Amino acid sequence: MSRNPGGEPGLWKRLFTLRSRLSRPTEIGLGVLAFVFLLAVWAIVVATSSIKPQYMPSLLSIGEALYSLFVDFNFAADIYISVVRVAIAFAIAAVMAIPIGILMGSYRVFGALGEPVIDLIRYLPVPALVPLTVIWLGIGEGSKIALLWMGTFFQLVLLIADDAKRVPQEYVETAYTLGAKQRHVLGLVILRSILPTMVDNLRITLGWCWSYVILAEIVASNEGIGQVIWASRRFGKTPEVMAGVLTIGLIGLLSDQLIRLASKKLFPYLR
Amino acid sequence: MTQHEASTDDANFLRIDHVSKWFGGADRHAGMQVIDDVSMTIEKGELAVFVGPSGCGKTTLMRIVGGLDQPTSGTVMLGGEAVKGPDRRKGVVFQSYSSFPWLNVLDNVKFGLRFRDGLSAREKDEIARHYVDLVGLVGFESFYVNKISGGMRQRLALARTLAADPDILLMDEPFGALDAQNREFLQVQLLDIRERERKTIVFVTHDVDEAVFLAERVFIFSARPATIIEEIRVSETLPAKRDLKVKDSEQFLHLRNRIQAVIRTQARRTEEEMLRVAARRR
Ligand SMILES: Nc1ncnc2c1ncn2[C@@H]1O[C@H](COP(=O)(O)OP(=O)(O)OP(=O)(O)O)[C@@H](O)[C@H]1O
Ligand SMILES: [Mg+2]
């Protein structure tokens, strides 16, 4: 939609107009441009400086390392394991945090009970919990899932409780005067109203969950992306370390974009 | 039930009995009194308008009638039953836009229908479309709330509330945020809808023209704490069936000037009171 009667302002002008919208292809193009720029800088630095490859390997060697990880070391299985760990822990955390958060944000009694305890636990740094989970649950899958769960659940539950609190009172009262009972208000108004921000919060905490899985795998694991990165480091294989790190980034980018896309489809009324 | 009993029930359809409201405790030092011993009865099918200076307690009284706030003392009876909390019988159109942004126009109107028993999906659809039509939103059924204008949003709120089939309609400055044209248009529409739906309506406004144009009876409230200072039976002066031409009649102008004069003195009182409270705090 054009703001000036003279017609659509030029692309160049729109790029630098506060809050003006860009077309989808332009946005994707800009995203690609940033990647190309990053890669180019990397390539130029590698080619022109005297930094040793073991600190800054060439793009080609990182590509080769990624290829050999998949072909020779069955990297797909490690990715799969990490994804499954994140998926299980995150699903448990979300399934618990959503109803508990909504109750805490909607009934002061649950809020007053839960907030102080959860706030305390939330501030415990997750790495500091690793020894505890190992003491309690050993080094099996249980301790990893527990660690990821702790890192995610307590954050998520408070975010959801805050959102539930912020649902406008008008919506709640309107629902009552239209004949809704408390249980309807919880589901049809409060949950429904916070859904878009909840999806956002899930997206953000999913990112945190990914960093904790790598941590858990570095500390004690025989498989998973984190273990591959750590093992590669021990053998001084910097390209493999880079390839591993890059893989995590790509998985994050992918899941993030998928959730954003789903969000656009699910909540058309936000546009 | 005898004929006589039925008619007194109708005459006392809404009964506000010695209602007072304090916020923050009923004590002159800690709390603040907003409503001071208000009593009135409103007939079934009547359109009563509350006018009064800003901040005097009109919204608070309306919320008490709707069961959204509790009176500190006194009672409210609707159709012979004490008002305890909000429900479908007391429909409310709020001062601010309150339709659900995640639902389109038709689904907003349908929202209250899901709590009504014994309606098939088809009947619900028909009822909802009837009210969409009644408020003139045909063609906009699939629009989300943020894609329609302010005037349309208030019409949507009206349709949504009517579809739930309340016994009484409580409207709190529903047209307050609209421009003059939209406001007059909706006033006429409201009278028209009322004619067809035969609802009891309590309408809150601080627009005196609006009050006189719509009302059968106007209650003028004092500055905070609200008391009724005058009750004017507009229907004794103005015709029952009104169109915008009424606004030019001598009777209309006379009434509006009279009410305006009362409110002006009250508004000044509110400001003086605010200064006194501020001085006492200091
Ligand atoms: N929940 C509350 N707690 C404390 N004070 C309140 C509360 N609700 C309203 N008040 C105060 O009560 C007074 C009356 O408010 P109310 O909203 O009923 O006035 P009003 O007549 O509707 O005003 P307006 O015409 O501006 O809408 C105001 O001074 C307001 O600040
Ligand atoms: Mg008000």
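For clarity, every value in this text was computed on a predicted model and none was experimentally measured. Below, chain A is the first sequence line, B the second, and so on; all start at residue 1.
- For the side-chain hydrogen bond (donor to acceptor under 3.5 Å, both in side chains) test, residues two or more places apart in sequence or in another chain that qualify with A:E141 are A:R85.
- Partners of A:V32 by side-chain contact (heavy atoms from CB on, under 4.5 Å), not counting sequence neighbours, listed by chain and number: A:I28, A:V36.
- No part of A:L195 comes within reach of chain B, as not one of its non-hydrogen atoms sits under 4.5 angstrom from that chain.
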List, with distances to 0.1 Å, the donor-acceptor pairs found between chain A and chain B - the cut-off being under 3.5 Å and no angle criterion applied.
from, atom 1, to, atom 2, distance (Å)
A:E170, OE2, B:S96, OG, 2.9
A:E173, OE1, B:R63, NH1, 2.7
A:E173, OE2, B:R63, NH1, 3.4
A:E173, OE2, B:R63, NH2, 2.6
A:Y269, O, B:N146, ND2, 2.9
A:R271, O, B:K147, NZ, 2.4

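- Pairs engaging residues 145-168 of chain B under the ring-ring contact (aromatic ring centres under 6.0 Å, His included) rule: none recorded [sequence neighbours left out].
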